[in-house]
Peer 1: 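Could you have a look at this structure, given as structure tokens, before my questions?
Every chain is numbered from 1, with letters handed out A, B, ... down the list of sequences. Note that the structure is predicted; figures quoted are calculated from it, not measured.
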Amino acid sequence: MIPGTRLRVSPSPHLKDRVSVRLIMFTVVVALLPASACGVYLFGLHALWVILVSVASALISEFLGYRAMGKKFTMDGSAVITGLLLALCLPPTVPLWMPVVGSSFAILVGKCAFGGLGQNLFNPALVGRAFLSLSWPALMTTWVSPFEGVSTATPLGTWKAGGGDTSLSALFLGNVAGCIGETSALAILLGGILLIAFRYIDWKTPLSYIGTVGLLMFLLGEDPLFHMLAGGLFLGAFFMATDYVTTPLTGKGRVIFGLGAGLLVVVIRMYGGMPEGVTYSILIMNAFTPLIDRYTRPRVYGTVGKKWWVRKK
Amino acid sequence: MKVQEFTKGILKRNPVLGLVLGLCPVLAITTRVENALGMSVAFTFVIVLSNLLISLLKRFIPRDVRIPTFIVIIASFVTIVEMLIHGYSPSLYEQLGIFLPLITVNCIVLGRAEAFASKRPVPETLLDTLGMSVGFSLSILVISFLREFFGTGKVLVFGHQVVPGLLSSPATGMILPPGAFLVMGILLALLKKARVI
């Protein structure tokens with residue numbers, strides 16, 4: 001303060017909000033609660049153990065990883081999200097050592113090795129999932145039906161094998177086989193809408209991502225609603241493709257991200273060997289994020305933008 | 001002539017983990033300890049003998065065509081070792097596949113020829129290449145041991161079970177290509193952290 005006045009001299013930014021990393025992260029955790037609760041309700045108590053073990057080992061790994069890096073560990077909640085997201089995209093029958101391995105790998109290799117929160121190139125939870133499905137393909141594709149726990153295939157698995165239709169209402173409510181947190185589009189939508197309402201995530205990413213899948217599947221003669229609701233598309237679109245660190249910063253960039261990821265999902269589902277491709281679509285687009293950010297950089301205020309039709313001299 | 005010329009290749013200037021050279025064979029053949037052993041023998045044979053010859057001939061090799069000359073010398077020894085392995089151990093020959101003839105263009109071999117053997121006397125060259133061979137063999141043996149153990153749960157060398165099946169569900173990913181990068185990256189990170197390299 002300058003003496004005798006009420007002028008405060010301080011560096012920018014001058015407008016501050018109460019929003020902090022911690023607040024956002026814990027809001028995301030709250031937004032994931034419906035999907036988690038739904039998973040526990042559908043697949044039983046073992047699903048709850050998977051979630052708890054995954055979150056706990058993510059936190060412990062982050063503590064150890066930051067210590068090894070010589071950084072101070074802060075309880076910012078990002079490790080909780082990584083652990084929770086990883087658990088939600090695991091099959092409900094996995095043995096409990098798998099979330100431990102997956103979470104530790106996600107945090108230590110997917111995040112700490114790159115320099116911690118804000119530095120990682122790829123979504124840590126998906127790095128963990130990709131590692132698990134690469135290493136234990138059989139355990140990662142063992143599915144059970146909700147409530148009864150009888151071995152069965154996921155709706156997309158059945159579709160890939162040329163099998164019959166799954167009712168859309170079951171897909172929307174989540175009464176199908178699949179990963180712990182991915183089956184119920186409704187529960188994910190609840191959390192997603194909460195985050196969009198608080199403007200913590202941009203609606204452009206999920207809309208362009210899910211929209212691209214629907215449109216392309218429609219053009220390819222498949223049932224667009226089935227492909228939008230089945231598998232991990234909703235979970236990926238609302239909670240993983242909107243990660244602040246690993247996805248583009250600008251609105252235009254986010255639309256490009258969604259389009260690319262949607263295209264990849266369709267290509268993998270239609271022409272690839274696997275029935276589902278959300279994990280790899282987001283991971284591959286994560287790799288393109290720096291490039292997208294470079295080409296969608298907004299014009300600096302007050303300057304003349306580059307016009308592609310004006311030839312450079 | 002210093003012992004240092006021999007020891008530097010083992011840790012400080014380890015060709016794989018310190019200089020990060022010649023990664024194609026390292027990443028490709030380290031799926032099994034057995035392959036790594038075969039590769040180590042072939043590599044040692046080629047690098048030591050070719051570099052000795054290069055060191056002997058360094059006064060007669062014209063500067064302008066030195067690289068093609070080195071390659072011709074290295075390729076001759078690779079051909080010898082390829083024929084020997086094909087004759088004596090066809091199964092190893094199958095396993096090593098294209099990476100055996102590719103020793104010809106291995107940048108460690110050529111790198112030592114260009115940076116060391118073509119400038120230094122024969123005894124020093126011998127020590128240098130032996131040190132590099134030990135460093136290379138050590139690295140690929142460690143990498144392949146970790147990959148085979150975590151990828152298959154046990155380590156089998158020529159039919160003998162060196163490490164019994166300890167893991168009930170091994171991580172198959174470790175013997176796939178991404179596993180090579182993972183093991184290599186984690187090893188590099190740990191060695192850098194411990195300031196060994």
Peer 1: Can a donor-acceptor pair be found, under 3.5 Å and without considering hydrogens, that links the side chain of B:K193 to the backbone of A:M69?
Peer 2: no
Peer 1: Please check if the number of heavy atoms outside B:F181 that lie under 6.0 Å from its CZ is greater than 12.
Peer 2: no
Peer 1: Nearest 0.5 Å, what's the CZ-CG distance between A:F105 and B:L182?
Peer 2: 4.5 Å
Peer 1: Which bit of A:V101 comes within less than 4.5 Å of chain B, counting heavy atoms only: side chain, backbone, both or neither?
Peer 2: neither
Peer 1: Backbone N or O of B:T172 within a donor-acceptor pair of the A:S135 side chain at under 3.5 Å?
Peer 2: no
Peer 1: More than 12 heavy atoms of other residues, nucleotides or ligands under 6.0 Å from NZ of B:K154: is that the case?
Peer 2: no
Peer 1: Any chance CD of B:Q4 has more than 12 other-residue heavy atoms, nucleotides or ligands included, within less than 6.0 Å?
Peer 2: no
Peer 1: Would the number of heavy atoms belonging to other residues, nucleotides or ligands and lying under 6.0 Å from CZ of A:F288 be above 12?
Peer 2: no
Peer 1: Compare every heavy atom of B:P170 with every heavy atom of A:W136, then report the nearest pair and how far apart it is.
Peer 2: NE1-O, 3.1 Å
Peer 1: Going through the distances and angles, do B:S169 and A:W97 end up as a side chain to side chain contact (heavy atoms under 4.5 Å, CB included)?
Peer 2: CA-CA 11 Å; B:S169 32; A:W97 55 265; 3.1 Å; yes
Peer 1: Is the CD atom of A:E148 crowded by more than 12 outside heavy atoms at less than 6.0 Å?
Peer 2: yes
